[in-house]
Every structure is written in C-alpha cells, then in structure tokens.
Amino acid sequence: MQPADVGVANITDAGLVNYSRLTYPNPTFDLSRHYSPKSVKSLFRYCRYYFRNHEYIHNIILKLAEYPITDLIFENLDNIDIRNNYQEILNHYLKIKQFLVDIGLDYFVYGNCLVSVNMEFKRFLKCPTCKTSIPFRKIKTIFQDYSFKGKCSVCGADQVKFSIEDSYLQGPEFFKFIRWNPESVEIDYDELTGNSRYFYSINEQTKKAINAGKIEVLERVPKIFLESLKDNKKIELDSKNLYHFKRPTLAEDDRGFGPPILQPLLKTLWYMQMLRRGNEAIVAEHLIPNRAVSPAAAASNLDPFTSMNLGEWASQMQENINKWKRDPNYIGIFPIPIQYQSLGGDAKLLMLTPELKFLEEGIINNFGVPTEFIKGGSTWTSSSVSLRIVENHFLGYRELLEDFLNYFALPKLQHFLKLPKVRVRFKRFKMSDDASEKEILMNLLLNGKISQAKFQTEMGWNVEEERALQRNEIKEQIDIQTEQAVAQVEAQGKSSIINARYQAQAQFAFVEASARVREQVFVKELMQELQDVEGIQDPSDLLQKWSIELSLSAPEQQKIFLEQVAAKYPRAFGFLQYRLQLLATSQSYAPPTGGQQ
C-alpha cells in the first residue's frame, strides 16, 4: 500500500513543489531568489554596485587587476632607439600599465572587457556650393536634425547643409584605447560559427549633450554616432577593431558575454547584507543600556513602598544625580538603601560578527585566491602553497593580456604610427623573496649558461640602466687610477729632486773637504801670495769662490782666467786646478751623504 503523501511532483513558478495531495517548499527556493537579476544587463548593474559599495569585493577585484601586471620586456630587440621610442609611447602616452589594470577591473567585475582603438581627428565642414572644407571652430553653424546648417564663410552661400569631413591626426598623443561599457553593448552570437556581432547604444549623457548642441561634444563625437541618433539605430562595432576579453562560460544559449565572477556570490552578498542590517538594528537597540535606580527592600518593619513618599524620594534622587553630574566628587546621602539595574547594553553578545567573518572567507574563496592574498599573513612567502595557487590562477589571464598586446594593441600602434614590428611579454610573475630561483639564476650566470642581460632582466633590473651605471663606474675607476698614477709620478719626481739636491750638496761637501785638507798645509804661503787680493781672510774661501765661478763659466772665459791666475798666483793656481779636477770627477762619483766635516 502506497503512502498517503506520494504523488506526481510539479515545480511551479511560485517556487513550490506541488504534489497531488500535499505541498512542500522547493529546496532551491530562498528569499534572495526574489531579487535575482533577470537579464545579463541587470546582472552587470548588480556587479557594478557591489564593486563600488562593498569593501571586500572592491579590495579583492582591485588586487586581482593590479597584482598580475608586471613590467613589459621587448623580445629580441637590440636597437636601443626603437626600444626607447616604444617605452615612451607605451608608458608616457598610453599609460599602458594603468590601462591594463582598467581592463582587469572590467574583466573581473563584468566578466567582459571590450576594447577598441581610435585616432583623434580634426573636424571640418564642407560647403556643398564651393566644395571648401572649413575647420569646425572657424564657422558658425546651427545643429539641427543631426546636421550642421549655416552660412559659408568662403562663398557666402546661406542656409547650406554642410557635410562632415574628419581628418585623422598623426602622432602617439592622438592614439587612444577605448573601453566600451558592457551595459551598453548587445552581442549577437552565432552558435553555429562562434562569431559575434557587437552593437553599441549611446549612453544618455552623450545623447543629451549632442541634442543640446554642445560644441565640445559635437567637435569630437564620431560621425557614425550622429547617424545612429538620426536613424535611431544601434552602432555596430567593427569586429576587426575590437578585442573582447571574456571569461569562460558554459555551452548555453547566451554565450555572447562571459559570466561575471561575482555571479555565484549574489545570494551570499544578499545574505551578508541581511546580517549587517541585523547588526545595525542590534547596535541601535542594544548598544546603550537603560539604567534605573529604585529603593531596595530593607527590614520587614521598614518597607519603603508603604512607609515613605516615593514621589519625594524620586525627587531627592534626581536632585542627587544632578549634583553628582555637576560635581563628580559629590557624595550623596540616602535615607534608605537603593538598588541599580541596567536594561540592554548587551549589543556585543548579540552581534553576528562570527557569521559575517565566515561569509567573508567564503567570498574570498569564490575568487580563487587564499585569504593571505587579501589580508596578508606570516605565511605569505614565495615558498608557500598560497603563492603557487595565485600564480597558477593568473597564468591564463596574463597570457590573455599578452595576446591582446601582441596581436591587437601593438599591430594597431604599428599601423597608425608606422613603427617597426616588436613583441613584448610580461616580466616573470614571481615574488621578490624567491631565494631558490635567484640561486639557480646565479649558478647559471657563473657557469656561462645565461647572459648578464638575461640575468638582470629576470632579476627585475633595467639592462640599459645597469649598463650605463657600469660605464660610469668604469670611467670613474679609470679617473681614480689616473689620478693615483699622476700622484705617484709626482711623488717620485719630487723625491728625485730632493735626492738630487742632497746628492749635489754631499758632492760639494766632499770636494770642499778634500781641497781644504790640502790647502791648510800651505795656508801661510797662500796668504802671502794672495795678500794683494782685496778682503781676503781665508785662501780656501777664495779658491772655493773661483772654482764655482769657473764651473759656471764658458770654456773660453775659464781659459783666460786660469792663465791670469797661473801668471800671478802660481801656487794658488795649482790648488785651483785641483779643485776643478775634483768637481769634474765628482759628477761620476757619488760620495756617501752625511754631514759636512
């Protein structure tokens, strides 16, 4: 016999399972289902709201977008000028790293990011009468029916309808990346071919500005936007000038958009918001206690409720409390005991903080990153499993960004700016404290298996800057060595000069001592012979003076002087010759230095 509650089940739109006899609630139904988004566009709005207003969601997505972005490395590019030119364009004009972070925000919030390339243009209005193109700012027109009408400043034709001509500007400062809002884009996906067509709807702000005829907007809005508003049609984006970042999705009906990473969290976030509202109500109701005082029951023969005027007691209590508030040191006197009671003030015990913390960890796990990635921790190092999980999580995303750079962004840049072809890649994704990898790179460098440029690149250093620093260091070392060599030579020269001076003094002292020894024997005879010489006191001093003068004179003068001395002072002539011979021989003889005898 079958149970009485067995019947055919039928799941209705009301969220209940109806049986033939009894009604049971649908196990997949909860309150948050009432607020689930009904379309992908409403889902995008939910995701945008939570990113802007939920601190955990905002922090996690910002880290997911920023963390995998590292420096760009040019592959097989040795030309420094080309590399510097690309670096200036990418870093200065395009702010490529910041733009890649913006792509990550769209990708992790919406699950999609749509990027196009545009060159700025200068708008001209062409007169249909004289065929002259006039700059947009040089002519006064009226914007009516999404066309420009006015008087031609060249031929004078009035009330003519000008045609629009846009001249695209050249230069890296006019090259722009455009991110389209996924909420304004419709995708027509063909499940048979896998191709998609993209249709953009102009946002209301731009529509109002165009319809209001704002010159700043009309001067830079593309012509196709005006045609779209005029015909009330959507703008089909050129698929060749569009790169679609899309998160992986199931083989379902709506495969044009990638699913946002926040989609599985909507119920959890709704539940968390309910808990926060509960905490808010608890804080408002139970945070500040309600304090009360009352007379305490005393002995059986003194019942305060029957033996005294409670109204007068309440007035006295209020007066004592007021005095205590005015003077904290006031001591009140009460005729009977009192008792104090506190109602409420138990908000901390009622708070739902543990449940909220549990939900926060669940939110972090939904993004596929460890808790340390958001909150940090002592285990967050290169050797931990947490880093490897994050690294593997970002590998596919980094490959997607490199594909965007090498097959979309750089080819567009090369086409518009006539630049040579290059390829880029991100610097390896690793942590700065990865000691094992650094040791391996150092061993490979020492064994000659990798170049210094490769080693410096993998270590995160700029090769050109390091080479410039090395050249400067080598130049400084050469300058220092040169200064040291010059100083050493100068020191040796000064030492040689001093040595030669003292050597000459020693030679002179040797000659003088040898001559005076011989002359002292015949000092009386020499005094008699040289007595007619004015001012003579010591013959040796006179002979010394003559020998020095002769050594510094020309040979002809020496000969004449010696002949005169020989004729007049024959004895002194012999001693003078002896002195000259000693001076001549002392040039090749180095006597020992020392004090004069």
Side-chain angles (χ1 to χ4, degrees), residues 442 445-446 448 452 456 464-597:
M442 180 61 70
L445 178 65
L446 295 176
Q452 289 189 357
Q456 293 172 354
E464 298 302 328
E465 290 182 359
E466 293 300 323
R467 288 177 179 174
L469 291 174
Q470 287 179 345
R471 284 192 289 266
N472 292 335
E473 288 180 356
I474 292 174
K475 183 179 179 180
E476 291 178 358
Q477 291 176 357
I478 293 175
D479 293 341
I480 292 173
Q481 293 175 357
T482 303
E483 292 177 359
Q484 291 176 348
V486 171
Q488 185 176 2
V489 172
E490 289 180 353
Q492 291 177 353
K494 292 180 180 179
S495 176
S496 300
I497 292 173
I498 295 173
N499 186 34
R501 183 184 301 121
Y502 281 99
Q503 185 176 0
Q505 292 178 0
Q507 292 174 356
F508 180 78
F510 172 74
V511 171
E512 187 65 23
S514 300
R516 283 182 181 271
V517 170
R518 291 170 57 90
E519 293 164 358
Q520 289 298 323
V521 178
F522 301 95
V523 65
K524 293 182 180 181
E525 290 81 355
L526 289 173
M527 283 295 296
Q528 292 177 358
E529 188 179 68
L530 298 171
Q531 61 183 351
D532 60 336
V533 179
E534 183 180 357
I536 185 172
Q537 296 179 357
D538 187 354
S540 296
D541 293 340
L542 181 60
L543 293 174
Q544 179 188 18
K545 179 182 178 183
W546 286 353
S547 64
I548 294 175
E549 291 177 350
L550 288 172
S551 64
L552 300 176
S553 302
E556 294 79 6
Q557 295 177 351
Q558 290 181 7
K559 183 178 179 181
I560 295 171
F561 185 80
L562 288 175
E563 289 177 353
Q564 293 175 355
V565 172
K568 192 173 182 180
Y569 312 111
R571 189 181 296 274
F573 173 75
F575 286 104
L576 181 58
Q577 274 192 323
Y578 178 73
R579 280 180 173 269
L580 294 175
Q581 291 176 357
L582 287 177
L583 288 175
T585 56
S586 65
Q587 296 178 359
S588 59
Y589 169 70
T593 60
Q596 188 173 355
Q597 297 291 331

Gap separating the CD atom of Glu473 from the CD atom of Gln477, nearest 0.5 angstrom
6.5 Å
First locate atom CD of Glu490, then atom CD of Glu483, and finally report the distance between them rounded to the nearest 0.5 Å.
10.5 Å
Measure across Ala572 and Glu529 and return the closest heavy-atom pair with its distance rounded to 0.1 Å.
N-OE1, 2.8 Å
Can you tell me how far the CZ atom of Phe573 sits from the CD atom of Gln564, to the nearest 0.5 Å?
12.0 Å
Are the side chain of Ser496 and the backbone of Gln492 linked by a donor-acceptor contact shorter than 3.5 Å?
yes
When you measure from the side chain of Glu525 to the backbone of Arg571, do you find a donor-acceptor pair of N or O atoms at a distance under 3.5 Å?
no
